[in-house]
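Notes to accompany the following structure.
One-based numbering along the sequence shown. Read the numbers this way: they start at 1 and go in the same order the structure lists the ligands and their atoms.
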Amino acid sequence: MAKLYVNPKVKKGHLNPELQGHFSEHLGRCIYEGIYVGENSDIPNVNGMRTDVVEALKEIHVPVLRWPGGCFADEYHWKDGIGPKEGRKKMINTHWGGVVEDNSFGTHEFMELCRQVGCKTYINGNVGSGTVQEMSEWVEYMTFEGVSPMADLRKKNGHEEAWTVDYFGVGNENWGCGGNMRPEYYGDLYRRYQTYIRNYDREKPVYKIACGANAGDYHWTDKVLETTFDHGRGFMNGLSLHYYTVPGDWGKKGSALEFDEKEYYRTLKATLKMEELIKRHGAIMDQYDPEKKIGMVIDEWGTWYDVEPGTNPGFLYQQNTMRDALVAGINLNLFNKNCDRVKMANIAQMVNVLQSVLLTDGKRMVKTPTWYAFHMYQVHQDAELVESFVETREVGQEEENKVPNLTESVSQSQDGKLHLTLTNLSLDEAEDIESIFADSQVKAVKGTVLTGKMQAHNTFDEPDQVHEEAFSAITVKEDRISFTIPACSVLHLEVELA
Ligand code: AHR
């Protein structure tokens, strides 16, 4: 029997709701069809946003949404997406699928989406092919209340009040699709561009995010920080990190649905690398910023497989199985455990692209196993991380791809309840667990579980194959509870102490 030790009196940090953030790009069917169908669509919508999708996003309390990219961000010119729709420029989305981008979803529509979902806004600016003036004017357009050319233009376009921009990214992947820059060069550009992101609303300053590394590129992190640090000021609030779970290699990534047990464990092993990346990039950040004032913002994470057969390779559409739910559970536990440095994380991407929480097909929508993982973990939003430790053993089939059978994190929400989220990565072995709560007596416990075969998934014809179910087989005895976590599962337990 594995022991899970929980020490409710020891708090390890605050869990920003933004650790469960999302990302939506002008890519494939994410924005168009997945979210925005236009006011005249026969798909039920409010101001063009499909109602089924908005309602499902509200159910998981999406805390923040990043937009418009991604690689698209460094090709996006925001003025193309404002004003009367019939006059908006049409262009080719050269990066993603070569389709026509009609700019019918722009700044006003993004802000309306965030209003409907009830989430914070994260805008990603264009450094790769945009000017300082263009970026600076965008911030003025969105956030300035007074009289100015850009504020007046916003008002002329129908929005009297300024919006709040909570987060602003200065470029995306500028080491690659965002301009193929060297870190020293990007660092200098960052210093310059960020100067003109004005805080027009002093009570709600914009949280500025510099473009960080790709996976294990520690040189980038070091050099960007070295270049941007000036007398102890980094000019930034956050530094990003991108890391995708790819079971194979970039040439042949692997199928979302057709995989064997070895590939399943390989996927989870690749996911667990996130911990090493957080620690090693974090150690570099500690050298410049020992007080951890700069947040690590993991604004792209998730599984990346080969696209579904027969779909546009530039659309990155993939199905989503129990394996993806475990990837989500592992990562969300890791973000919680590292909340001293990690301040935001955004899964890529919200609808119809890569590891999505929702898939759509015309009028139909389906919640993926990943949606359920987010649904179970939302209890951690705004909670305090509690000290915890679980005993694990290695499982898996290939020596080099063994993984610990369990991952976990524990938090205390503002109503005093404890929330334990666990993943059992083993494909065939349930695990008996005894959880001990130091110096405490357990009063009540309940939970929910998500489990199934590794390839189990929801389709438009069978949307309910994988879903969360009540979990009540829990024995309570004084300061401890015992239960059996099924193989290949995500579990949430809510514990009330006396
Ligand atoms: O999420 C898909 C793409 O992955 C993004 O556009 C880019 O930033 C990353 O390479």
Side-chain angles (χ1 to χ4, degrees), residues 21-32 34-35 64-76 91-99 101 105 110 122-130 167-181 186 209-217 220 224 238-251 253-254 256 270-271 274 277 296-308 311-318 320 324 327-328 331 344-359 368 370:
H22 290 252
F23 168 39
S24 61
E25 179 168 9
H26 288 238
L27 196 178
R29 295 183 300 112
C30 182
I31 296 287
Y32 299 113
I35 296 168
V64 62
L65 182 58
R66 175 173 182 245
W67 172 84
C71 293
F72 185 78
D74 284 273
E75 296 193 355
Y76 184 60
M91 59 194 257
I92 302 293
N93 188 335
T94 45
H95 208 94
W96 300 120
V99 290
E101 163 64 60
F105 189 96
F110 174 68
Y122 176 3
I123 298 277
N124 210 116
N126 179 347
V127 172
S129 70
Y167 298 92
F168 196 95
V170 181
N172 168 73
E173 297 197 350
N174 301 96
W175 37 261
C177 64
N180 288 307
M181 301 174 194
Y186 171 75
I209 300 171
C211 165
N214 180 28
D217 184 354
W220 178 275
V224 167
L239 180 64
S240 70
L241 170 66
H242 288 182
Y243 177 61
Y244 285 96
T245 294
V246 182
D249 56 41
W250 285 100
K253 296 181 273 297
T271 301
M274 181 68 88
L277 295 172
M296 186 184 290
V297 174
I298 305 171
D299 54 15
E300 289 187 28
W301 68 268
T303 51
W304 193 324
Y305 308 122
D306 296 329
V307 298
E308 290 306 318
T311 64
N312 185 329
F315 279 17
L316 309 187
Y317 178 75
Q318 63 190 41
N320 194 296
D324 294 270
V327 170
N331 273 326
M344 171 156 59
N346 308 69
I347 189 169
Q349 297 191 10
M350 198 157 74
V351 191
N352 290 337
V353 170
L354 300 176
Q355 191 178 348
S356 304
V357 290
L358 300 170
L359 301 175
T368 66
T370 299

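Short contacts between ligand 1 and Gly70, defined as distances under 4.0 Å to a heavy atom of the residue, involve ligand atoms 5 (C), 6 (O), 8 (O). The atoms of ligand 1 that sit less than 4.0 Å from any heavy atom of Glu173 are 7 (C), 8 (O), 9 (C), 10 (O). Listed by number with element, the atoms of ligand 1 under 4.0 Å from a non-hydrogen atom of Asn172 are 8 (O). Shown in contact with Leu354 at under 4.0 Å from a heavy atom are these atoms of ligand 1, numbered in order with element: 1 (O), 2 (C). Numbered from 1 in the order shown, with element, the atoms of ligand 1 that lie under 4.0 Å from a heavy atom of Phe23 read 1 (O). For ligand 1, the atoms closer than 4.0 angstrom to any heavy atom of Cys71 are 5 (C), 6 (O), 7 (C), 8 (O).
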Determine, stepwise, if the pair Phe315 / Val307 fulfils side chain to side chain contact (heavy atoms under 4.5 Å, CB included). CA-CA 8 Å; Phe315 279 17; Val307 298; over 6 Å; no

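Under the 3.5 Å distance criterion, the side-chain polar atoms of Asp74 are left unmatched by any main-chain donor or acceptor of Asn174. Without hydrogens or angle criteria, Tyr76 side chain to Gly69 main chain gives no donor-acceptor distance under 3.5 Å.
Nearest to atom 9 (C) of ligand 1 by heavy-atom distance, out of His242, His26, Gln349, Glu300, is Glu300. The closest heavy-atom contact to atom 1 (O) of ligand 1, among the options Trp96, Tyr244, Trp304, comes from Tyr244.
Val351 approaches Ser356 most closely through the heavy-atom pair C-OG, 3.5 Å.
Judged by a 6.0 Å distance limit and a 45° cone about the ring axis, Arg66 is not positioned over the six-membered ring of Tyr167.
When heavy-atom distances to ligand 1 are checked against a 4.0 Å cut-off, Glu25 comes that close only through its side chain, counted from C-beta outward. Contacts between Trp301 and ligand 1 below 4.0 angstrom, taking non-hydrogen atoms only, are absent altogether. Proximity of Phe72 to ligand 1, defined as any heavy-atom pair under 4.0 Å, is not found for any part of the residue. If you look at Val353 next to ligand 1, there are no close heavy atoms at all, none under 4.0 Å.
When side chains are defined from C-beta on, Ile31 does not count as touching Phe110, because their heavy atoms never get closer than 4.5 Å.
Within the model, atoms SG of Cys71 and CG of Leu27 stand 8.5 Å from one another, a figure rounded to the nearest 0.5 Å.
When only modelled atom types and interatomic distance are considered, Thr370 and Asp324 share no side-chain donor-acceptor pair under 3.5 Å.
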